[in-house]
J.: 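My structure is below; once you've seen it, I'll send some questions.
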2 protein chains.
Amino acid sequence: MAATEPQRVRAPNMRDVAQLAGVSYQTVSRVVNNSPALRDETRERVLAAMEQLHYRPNRAARALKTSRSRMIGVLASVRATYGPALTIQAIESAAMAEGLYVSTAHITEVDTETISAAIDRLIDQDVEGLIVIAPQQRVFDTLAAMSDLPPTVTLRSGLDGDPRALWVDQMAGARAAVAHLAEQGHEYIRHLAGPQDWIEADARMQGYLLELSDRDLPTLPPIRGDWTSDFGYYAGRELMVVRDCTAFFCSNDEMAFGVMHAAHELGLDVPGDISVVGFDDVPSARHYWPPLTTVRQDFDELGRRCVRMLVDGTDASPGDVEPQLVVRASTAAPRRR
Amino acid sequence: MAATEPQRVRAPNMRDVAQLAGVSYQTVSRVVNNSPALRDETRERVLAAMEQLHYRPNRAARALKTSRSRMIGVLASVRATYGPALTIQAIESAAMAEGLYVSTAHITEVDTETISAAIDRLIDQDVEGLIVIAPQQRVFDTLAAMSDLPPTVTLRSGLDGDPRALWVDQMAGARAAVAHLAEQGHEYIRHLAGPQDWIEADARMQGYLLELSDRDLPTLPPIRGDWTSDFGYYAGRELMVVRDCTAFFCSNDEMAFGVMHAAHELGLDVPGDISVVGFDDVPSARHYWPPLTTVRQDFDELGRRCVRMLVDGTDASPGDVEPQLVVRASTAAPRRR
DNA sequence: CGTGCGGATGTGAACGACCACATCCCGCAC
DNA sequence: GTGCGGGATGTGGTCGTTCACATCCGCACG
């Protein structure tokens, strides 16, 4: 039997295409980068050859020569939560539209070591830009201490003068939530805050405190939670025995779910005995029982803006993406006052 | 003023490091790839030089030469849902441990065009492996029609002979859920299925049908939903007017939430009048009111296995990752029979 | 005291693409 | 008919790394 053609393991080359099309590799390059200086007939021929060989430009070679990786990095914490996950998705699809690739790294611990390892991991990939949606203070501190960072866009919750930060007015959202409760006649409003070190958590807590003081309402010391519904549940159980408040403003929806669970279990009616407000508007919030009053955030728009800021190099218009209060059945006037 | 040193925009090189350390670039290469054939003293010297220059190996150049990108791709659909998001997270952290990078592409539409565009996007990045957690039939069809795919691991819900598929026995999970309801005395059990084309949805539906027929219980025609709690809510409202069943088995937790919302609104007691079972065990399921009986999936383990299969080239042991029934308060014996 | 051997290090040639420049060709004006 | 200009195409060098091979050195052995 005749010797078979040695199978080609190597992916086809610009030179392979060039040879097949009867032109030089440079002409192929021009076709790939669609240069205008090409006769139509030549372009057709090259395109046909590329098609025939299933030619794909080698990204590594291109990156090496141009020193552009066309990749952006996303630094996130615990992605499984609704907000970050949605934001990442939006970032990715916006990036795709710009012809960019996305690599993500998320941090499960918030120690400096883990954080800088994650960032290193992204930088190792030659990311051309960095989007940080890990809103913990320590992340920003670590970031600030690193040199040679690519252009970076961060999400912030308060004004701190950084023009490269996309600012979401968490405080305004929190104030709206508290104002809503106050206007319904609640005087004693409890706050379940997010963890120490989370910037959003602090901003929401600030909003809570400010709104109360503006209205001359009594301030109950906020309780630091960990975002989980488990925490909301156990905290709720303890606090509702005391009954020193008629409403809860929780720093996210999960904790609000936990609180409502506790209320139900103790035979308290929501909103009759206790009103509850969350933050985020996760998809099941509207179908919780009772449906949860919460503050909606437009994570989708957020992701899109991040990419736009990175690509255009523009600065953010502060407070652009406003959270919005969504009133549902979990809040009502307090039964007794 | 004297002319300043022209600032070096170029990142430091192997040659730069070599020069500083007084060795050849090849020696630097050996240090980077920690070759054993090096005197300790030399290695130290090179490491010091690398440190001093903040040297980072150029990934593009390395990829070009070795034709290994050290990147794997993940194809997912709508990431914002709990399961996929968690799986991706697990994949990423397992990949990190293997020194691999991860790039994701997710598809929002399920037409062939979008799917193959997403895959192309991954292949363009020279991914060395592909993990598919988009469990729609059409995705697999599109995949099968494409040539030149890198090694691929997929998630399947049923046995179909593909050794490179990680098999999660959705059917068993569904059967356990239905069995639980039946053993509590329910005779009329309704199924809210997932959308057409989703393999998991079909597997769960099969499980439902099989378990009922094994037990000689009447089969009510399953309703095709879209995974959203909105759908569960509207479907629940319609179906509960009819009251032709005492229990609902929903193909995911979200739809179950919607159904319970509808029940509450209609003044029906869960589980007194109606029992409800979900699927996934999302974090808030345990704190819904009443806490939701559901089928837990170990997405974390799933993600880790995917990576291991890809890296080791091993096949899956079928049915390894078993979903587990978690009984909570949303199910009880029917009040009337 | 030369030979050989093995461990440590250096050298040339890729990998695949892009850039700057050189070359070619053809039509048009002088 | 020669020169010239400009549009189309080809050639060398380079990006930073790795691979295969060459070289060097010192020491043990015959």
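Owing to the predicted nature of the structure, the values given are computational and were not obtained by experimental measurement. No hydrogens, no waters, no symmetry mates; every other heavy atom, side chains included, goes into these values. First the proteins, then the strands, lettered A, B, ... as listed; each starts at 1.
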J.: So which nucleotide from D:dT9, D:dT11, D:dT17 ends up closest to the side chain of B:Tyr55?
T.: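 The answer is D:dT17, which lies nearest to the side chain.
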J.: Select from B:Arg30 and B:Thr66 the residue whose nearest nucleotide in DNA chain C is closer to the 5' end of that strand.
T.: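 It is B:Arg30 whose nearest nucleotide is closer to the 5' end.
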J.: Scan the side chains in residues 140-148 of chain B for donor-acceptor partners under 3.5 Å anywhere in the protein, sequence neighbours excluded, and list what turns up.
T.:
residue: B:Asp141; atom: OD1; partner: B:Gln137; partner atom: NE2; Å: 3.1
residue: B:Thr142; atom: OG1; partner: B:Arg138; partner atom: O; Å: 2.7

J.: When all nucleic acid strands are considered with a 4.0 Å heavy-atom cut-off, which category describes A:Val32: base, sugar-phosphate, or nothing?
T.: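 It contacts nothing in the nucleic acid.
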J.: If you check every side-chain atom of A:Ala37, which of D:dT17, D:dT9, D:dG10 has the closest atom?
T.: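 Comparing D:dT17, D:dT9, D:dG10 against the side chain of A:Ala37, the answer is D:dT9.
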J.: Suppose we call a contact any N or O donor and acceptor under 3.5 Å apart; does that hold for the side chain of A:Gln26 and the base of C:dC18?
T.: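 When only heavy-atom distances are counted, A:Gln26 does not reach the base of C:dC18 through any donor-acceptor pair under 3.5 Å.
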J.: Tell me the interatomic distance from A:Gln19, atom CD, to C:dG16, atom P, rounded to whole angstroms.
T.: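 Distance, rounded to whole Å: 14 Å.
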J.: Is A:Ser24 close enough to D:dT11 that one of its side-chain N or O atoms is under 4.0 Å from OP1 or OP2 there?
T.: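 No, no such contact exists.
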J.: Grab the CE-C1' distance between A:Met50 and C:dG16 for me, whole Å please.
T.: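 Atom CE in A:Met50 sits about 15 Å away from atom C1' in C:dG16.
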J.: Using the six-membered ring of B:Tyr101, assess whether NZ or CZ of B:Arg70 lies under 6.0 Å from its centre and within 45 degrees of the ring axis.
T.: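 Ring-cation test returns no.
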J.: Could you give the distance from OG (B:Ser93) to CD1 (B:Ile88), rounded to the nearest 0.5 Å?
T.: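 Answer rounded to 0.5 Å: 12.5 Å.
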J.: Choose from D:dT17, D:dT9, C:dC18 the nucleotide whose nearest atom is closest to any side-chain atom of A:Lys65.
T.: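 Selected nucleotide (nearest to the side chain): C:dC18.
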J.: In whole Å, what is the span from the CZ atom of B:Arg15 to the C1' atom of C:dG12?
T.: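 After rounding, the reported distance stands at 10 Å.
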J.: Before you tell me yes or no, could you show the steps for B:Gln136 and B:Ser77 under side chain to side chain donor-acceptor pair (under 3.5 Å), namely the whole-Å CA-CA distance, both residues' side-chain angles and the distance that decides it to 0.1 Å?
T.: CA-CA 9 Å; B:Gln136 286 122 302; B:Ser77 32; 3.2 Å; yes
J.: Taking the minimum atom-to-atom distance to the side chain of B:Thr42, which one of C:dT9, C:dG10, D:dG16 wins?
T.: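 Of C:dT9, C:dG10, D:dG16, C:dT9 is nearest to the side chain of B:Thr42.
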J.: Name the closest nucleotide to the A:Leu64 side chain, picking from D:dG16, C:dT11, D:dT9.
T.: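 So the nucleotide nearest the side chain must be D:dG16.
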J.: What is the distance, to the nearest angstrom, from the CZ atom on A:Arg56 to the C1' atom on C:dC15?
T.: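 About 19 Å, once rounded to whole Å.
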J.: Just how far, in rounded Å, is P of C:dA14 from CG of A:Asn58?
T.: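 After rounding, the gap between these two atoms is 17 Å.
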J.: Could you give the CG-to-P distance, from A:Asp16 to C:dA17, as a whole number of Å?
T.: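 It is 9 Å, rounded to the nearest whole Å.
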J.: Please report, rounded to the nearest Å, how far the P atom of D:dG12 is from the CE atom of A:Met14.
T.: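 My rounded result for the distance is 18 Å.
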J.: Taking A:Arg56 for the side chain and A:Pro12 for the main chain, is one N or O donor matched with an acceptor at less than 3.5 Å?
T.: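 No; zero donor-acceptor contacts below 3.5 Å.
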J.: Round to the nearest Å and state the distance from A:Asn33 atom CG to C:dC18 atom P.
T.: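 That distance rounds to 5 Å.
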